[in-house]
Amino acid sequence: MRIMHALVTDHTIYSCVMGSRAFGLDTEASDTDRRGVYVAPTALFWGFDKPPTHVEGPAPEQFSWELERFCELALRANPTVLECLHSPLVEHADERGRELLALRGAFLSRLAHRTFTGYADAQRAKSDAAVARTGAPNWKQVMHLMRILESARDLLRTGVLTLAVGDRRGELLAVRRGELPWPEAERRLNGLRDELEAAAARTALPAEPDRARVEDFLIRVRRASATEAG
């Protein structure tokens with residue numbers, strides 16, 4: 001475990017705060033979720049035992065991806081990984097981390113429509129099931145569902161993924177407190193889903209991400225690591 005944690009402590013190129021704090025929806029009870037990207041030394045790939053693709057820890061609520069795995073997921077428009085790249089709360093970025101951030105646009109494509117709606121639809125199904133079972137949803141879940149629908153809609157409209165909810169904070173926190181009747185919440189969720197589909201039909205995002213540009217970055221980082229190792 002110490003060896004895996006050393007990959008994070010010694011080789012992280014980018015780290016940020018995610019979750020409610022990055023969204024601007026934190027309360028006094030909110031945890032601080034940290035996410036990061038590390039570069040496993042190239043020499044570790046030459047043997048039979050490859051370095052891990054991700055590491056949990058060493059701090060509480062901390063999770064990191066190895067650079068290649070992170071890029072693979074981002075190219076597939078994984079919502080969690082794309083949001084990590086766009087966190088407004090960056091805690092560390094070295095030269096390679098700053099170049100990774102400069103590549104944010106290369107990862108964005110119309111694939112985000114499928115991945116974000118897939119995530120949102122799964123969360124909506126859970127909310128509907130909770131209502132059928134107990135008469136009320138998990139209101140925290142509903143709040144985050146509204147947030148991700150708005151974020152995905154705006155990404156497809158503008159080409160920019162924005163995490164912080166800004167002046168929507170008060171309204172969304174009221175949803176979390178259960179101050180919105182479920183029929184009204186349901187109406188808003190349906191409306192946001194329709195807006196998301198309309199944005200997808202008109203988006204200027206490319207059909208595919210710029211895989212070649214990302215791969216060029218990855219190869220250069222690997223080569224530099226191998227050179228540093230002698």
Side-chain angles (χ1 to χ4, degrees), residues 16-35 54 56 60-63 65 73-74 76-89 108-203 205:
C16 65
V17 173
M18 282 297 299
S20 294
R21 297 191 185 281
F23 305 142
L25 293 170
D26 52 299
T27 65
E28 292 181 0
S30 295
D31 293 328
T32 300
D33 299 320
R34 288 185 165 85
R35 300 291 179 265
H54 62 270
E56 292 189 41
E61 310 300 332
Q62 184 178 16
F63 186 97
W65 296 268
L73 292 171
R76 297 176 197 167
N78 177 284
T80 299
V81 170
L82 287 182
E83 288 186 338
C84 180
L85 265 179
H86 292 79
S87 172
L89 304 178
L108 297 178
S109 72
R110 282 177 236 163
L111 294 176
H113 172 235
R114 175 177 56 80
T115 57
F116 276 79
T117 55
Y119 175 83
D121 288 348
Q123 296 303 305
R124 176 63 186 273
K126 291 180 181 179
S127 294
D128 290 344
V131 172
R133 186 175 63 253
T134 68
N138 178 323
W139 286 108
K140 181 179 179 180
Q141 190 176 65
V142 173
M143 175 191 73
H144 282 297
L145 177 53
M146 288 183 178
R147 179 201 65 77
I148 200 166
L149 285 169
E150 292 172 356
S151 181
R153 175 201 63 195
D154 293 345
L155 167 61
L156 293 167
R157 283 177 175 175
T158 68
V160 177
L161 181 58
T162 301
L163 269 62
V165 299
D167 58 9
R168 296 271 291 132
R169 171 182 164 85
E171 183 177 345
L172 287 169
L173 287 178
V175 171
R176 177 175 177 165
R177 293 190 297 268
E179 297 175 4
L180 191 69
W182 171 244
E184 175 60 18
E186 191 173 33
R187 185 190 67 78
R188 291 191 190 181
L189 289 171
N190 292 339
L192 287 170
R193 189 65 168 78
D194 290 344
E195 291 173 7
L196 176 57
E197 291 304 312
R202 298 190 296 269
T203 186
L205 285 175

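Start at 1 with the first residue, then count along the sequence.
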Do Pro88 and Leu163 have side-chain heavy atoms sitting under 4.5 Å apart?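 Side chain of Pro88 against side chain of Leu163, heavy atoms only: contact under 4.5 Å found.
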Ion pair check, Glu150 and Arg147, cut-off under 4.0 Å: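 No.
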Rounded to the nearest 0.5 Å, how far does [atom2] of [Y] lie from [atom1] of [X]?
X: Arg34; Y: Met18; atom1: CZ; atom2: CE; answer: 13.0 Å
X: Thr117; Y: Arg193; atom1: OG1; atom2: CZ; answer: 5.0 Å
X: Arg188; Y: Leu149; atom1: CZ; atom2: CG; answer: 13.0 Å

Under the rule for ring pair (Phe, Tyr, Trp, His ring centres under 6.0 Å), what residues qualify as partners of Phe63, not counting sequence neighbours?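 Phe63 satisfies ring pair (Phe, Tyr, Trp, His ring centres under 6.0 Å) with His54, Trp65 once adjacent residues are dropped.
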Which residues share a ring pair (Phe, Tyr, Trp, His ring centres under 6.0 Å) with His144, sequence neighbours left out: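 His144: ring pair (Phe, Tyr, Trp, His ring centres under 6.0 Å) contacts with Phe23.
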Qualifying residue for side-chain contact (heavy atoms from CB on, under 4.5 Å) with Ser151, from Leu196, Leu161, Leu82: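 Checked Leu196, Leu161, Leu82 against Ser151; only one passes side-chain contact (heavy atoms from CB on, under 4.5 Å): Leu161.
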According to ring pair (Phe, Tyr, Trp, His ring centres under 6.0 Å), does anything in residues 157-201 pair up with another residue at least two apart or in another chain? List the pairs.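 Residue pairs with at least one partner in residues 157-201: there are none.
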With Glu61 via salt bridge (Lys or Arg N to Asp or Glu O under 4.0 Å) - residues at least two apart: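 Glu61: no salt bridge (Lys or Arg N to Asp or Glu O under 4.0 Å) contacts found.
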Identify, with sequence neighbours excluded, every residue that meets salt bridge (Lys or Arg N to Asp or Glu O under 4.0 Å) alongside Arg114.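 Once residues adjacent in sequence are excluded, Arg114 has no partner under the salt bridge (Lys or Arg N to Asp or Glu O under 4.0 Å) criterion.
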Ignoring hydrogens and angles, state whether a donor on the side chain of Arg21 or Thr32 is under 3.5 Å from an acceptor on the partner side chain.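 Yes.
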For Thr203 and Leu156, work out which heavy atoms get closest and say how close.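 In terms of heavy atoms, the two residues are closest at OG1-O, 2.7 Å.
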Which atom names give the shortest non-hydrogen contact between Ser30 and Ser20, and what distance separates them?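 Result for this residue pair: OG-CB, 4.1 Å.
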Under the side-chain contact (heavy atoms from CB on, under 4.5 Å) test, residues paired with Glu195 that sit two or more places apart: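 Partners of Glu195 by the side-chain contact (heavy atoms from CB on, under 4.5 Å) criterion, ordered by chain and then number, come out as Arg153, Arg157, Leu192.
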